[in-house]
Amino acid sequence: MEKNNDFVKQITKKSENLSKWYIDVIKKAKLADYSPMKGMMVIRPYGYEIWELIKGNLDRMFKETGHRNAYFPLFIPESLLKKEAEHVKGFAPEVAWVTIGGNEVLKEKLAIRPTSEAIICSMYSKWIKSWRDLPLLINQWANIVRWEKVTKPFLRTTEFLWQEGHTVHSSYEEAEEETLKILDIYKTFAEKYLAIPVIPGLKSENEKFAGALKTYCIEALMPDGKALQMGTSHNLAQNFSKAFNIRFENKKQKIEYAWQTSWGVTTRLIGALIMAHGDDSGLILPPEISPFQTVIIPIAKGNRKQDILSEAKKIYDKLKKNKIRSFLDDRDSYTPGWKFSEWELKGVPVRIEIGPKDVEKKQLVLVNRINRKKIFVKQDNLLITLKKLLKEIQIDLFKRAKDFRENNTNSVEGFDELTETIETKRGFIKTGWCGSNKCEIQVKEKVSATIRVIINEKNSNSKKCAVCGKKAKHTVLFAKSY
RNA sequence: CGGGGCGUAGCGCAGUCUGGUAGCGUAUCGGUUUUGGGAACCGAGGGUCGGAAGUUCGAAUCUUCUCGCCCCGACCA
């Protein structure tokens, strides 16, 4: 009986089929559900609460670095979207258009924003006149529509939620500094809050944002060996300021085009969170970002029922007072065993059990979601032990994910070894690259893997390009990607 | 957007080949006893078989079209 750990029924095993497991968990844990429109999902309260925690923490980090929130329109007139040539070329295939308003056919069709550079830049050109107006540091939390062909809840949906920062600076160097500052915030957030280790770096020309000079990103490795881009930060240089006429008078009294950045993360982060940490029993949420850090399950037996319930309520109040997000599951219609499985499926990191024996001994049972290890703790020591356990779980999840990434990162030399490793092992493939578009495409055509991130911009320790054999300019990570 | 698979009760499925008026498990609702790993018993409700058109005396079942979802590719956060 104690041998069988298959407590949760009705979800596919993560080890057997990650995709199926992923969908099962999302539906059974009530994170999201499909809507009547293709590729559009409903984010249910439990899923949205995770987003609120992501949003709250990132928002604080943005504000601490001087950014302010604003809100721009959902629609972008076609003429504005077309102003930056590369930009419109990149997004055209996935834009949804509004052509009728009320009963009238519109004179100019309106794009539902696939990203907001165009509308925001058109406003910036009105607002910015002098170096004294800079830097301008604005972020917006918004929804976005991209008409994707293949969708998957959280990872790629037709409509998604995100934040997009759009900043304006008086020099290239300052814009570059901002781009890297945000990249660092993203990395810190991913690792400290989501407990997902990421690799920061530059995108290749092939993979960069339409309209950017340089695109930086953070990349994570998922359990199936595919890479997931978790955030991007672009140095737009003067590409958009020239297209949208954002000019300022600099300190030398010369008119100059402004230097810009843009950056974003999306509800995709929730998808990463689900895949990175979960197991055969369901989700495992890092304490920092879990809607409930603990769930209290009273085992209300026989004539001790009232007794136990009131003790459980006291524990709940105590945790609430100490700002530990918890849920008291005192529903009478489910048995304790059912609740254990349910909350494991929902990924709550610590379960607190309180039954007749515990009330007698003035103790509680804490159960770690990662390994189901039980800790018996005196009621007086609850806070200290619980806080320690939550910290431990946060760290363990990060460590687990990092070990996985390291075990699935292989260094290779030469085209054959590169393509063979991708085919047989997947994961990140570290190798030298000469910097040519042609070499990257050659790999893509053979094994459909691309350069996820350039991790060493300057030199590559005299390695050779894995494809052409010429001297390598960069060290890069190849991978298949989401 | 190409190749493959699937849409029948909230969920998981059988029934489709061979046409005859819809069933199983689970969940739900009411009641009683229960509660330390998805409780037991008694009773009840719930489906225009994804949608449309056609063939037929008769369609979940056959034909055509269409919508959606999943998997594998190509494209993207």
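Treat the numbers as computed from the prediction; the structure is a model and nothing was measured. Note on naming: letters A, B, ... go to the chains in the order of the sequence lines (proteins, then strands), and numbering restarts at 1 for each one.
At the heavy-atom level, A:Asn17 lies nowhere under 4.0 Å from the strands shown. Nucleic acid contact class of A:Tyr482 (heavy atoms, under 4.0 Å, all strands): base. At a threshold of 4.0 angstrom between heavy atoms, the contacts of A:Gly39 are confined to the sugar-phosphate backbone, with no base atom among them. In this structure, A:Thr232 reaches neither bases nor backbone, as no heavy-atom distance under 4.0 Å exists between it and the strands shown. Residue-level contact check: A:Arg351 touches the bases, meaning some heavy atom is under 4.0 Å from a base atom. At a threshold of 4.0 angstrom between heavy atoms, the contacts of A:Gln229 are confined to the sugar-phosphate backbone, with no base atom among them. Residue-level contact check: A:Lys357 touches the bases, meaning some heavy atom is under 4.0 Å from a base atom. Among the heavy atoms of the strands, none lies under 4.0 Å from A:Lys27. Across all strands, A:Lys301 comes closer than 4.0 Å to base atoms (heavy-atom distances). Residue-level contact check: A:Lys203 touches neither bases nor backbone, having no heavy atom under 4.0 Å from any strand.
Within residues 436-449 of chain A, the residues that place at least one heavy atom under 4.0 Å from RNA chain B are, in residue-number order, A:Lys444, A:Ser448.
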Query raised in the report: How far apart are the C-alpha atoms of A:Arg113 and A:Thr115, what are their side-chain angles, what is the distance that settles it, and do they pass the side chain to side chain donor-acceptor pair (under 3.5 Å) test?
Result: CA-CA 5 Å; A:Arg113 62 184 163 211; A:Thr115 179; over 6 Å; no

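Nucleotide B:C76 holds its P atom 9 Å from the CD atom of A:Glu148, rounded to whole Å. Between the CH2 atom of A:Trp338 and the P atom of B:U35 there is a distance of 19 Å, rounded to whole Å. To the nearest angstrom, P of B:A39 lies 11 Å from CZ of A:Phe340. In this entry the distance linking CG of A:Leu18 with P of B:C72 reads 9 Å, nearest Å. Here B:C70 presents its P atom at 12 Å from NZ of A:Lys20, a figure rounded to the nearest Å.
Within the 4.5 Å cutoff, the side chain of A:Arg426 has heavy atoms near those of the A:Lys226 side chain.
A salt bridge is absent between A:Lys14 and A:Glu16; no separation between the charged side-chain nitrogens and carboxylate oxygens falls under 4.0 Å. Between A:Lys149 and A:Glu94 there is no salt bridge, since no side-chain N of the basic residue sits under 4.0 Å from a carboxylate O of the acidic one. We find that A:Arg400 and A:Asp396 are not joined by a salt bridge, their nearest charged nitrogen and carboxylate oxygen being 4.0 Å or further apart.
Within a 6.0 Å radius of NZ in A:Lys187, more than 12 heavy atoms belonging to other residues, nucleotides or ligands are found.
Pair check for B:C6 finds B:G68; Watson-Crick or G-U wobble, both atom distances under 3.5 Å.
The side-chain contact (heavy atoms from CB on, under 4.5 Å) test applied to A:Lys208 returns A:Lys203, A:Glu205, A:Thr215, not counting sequence neighbours.
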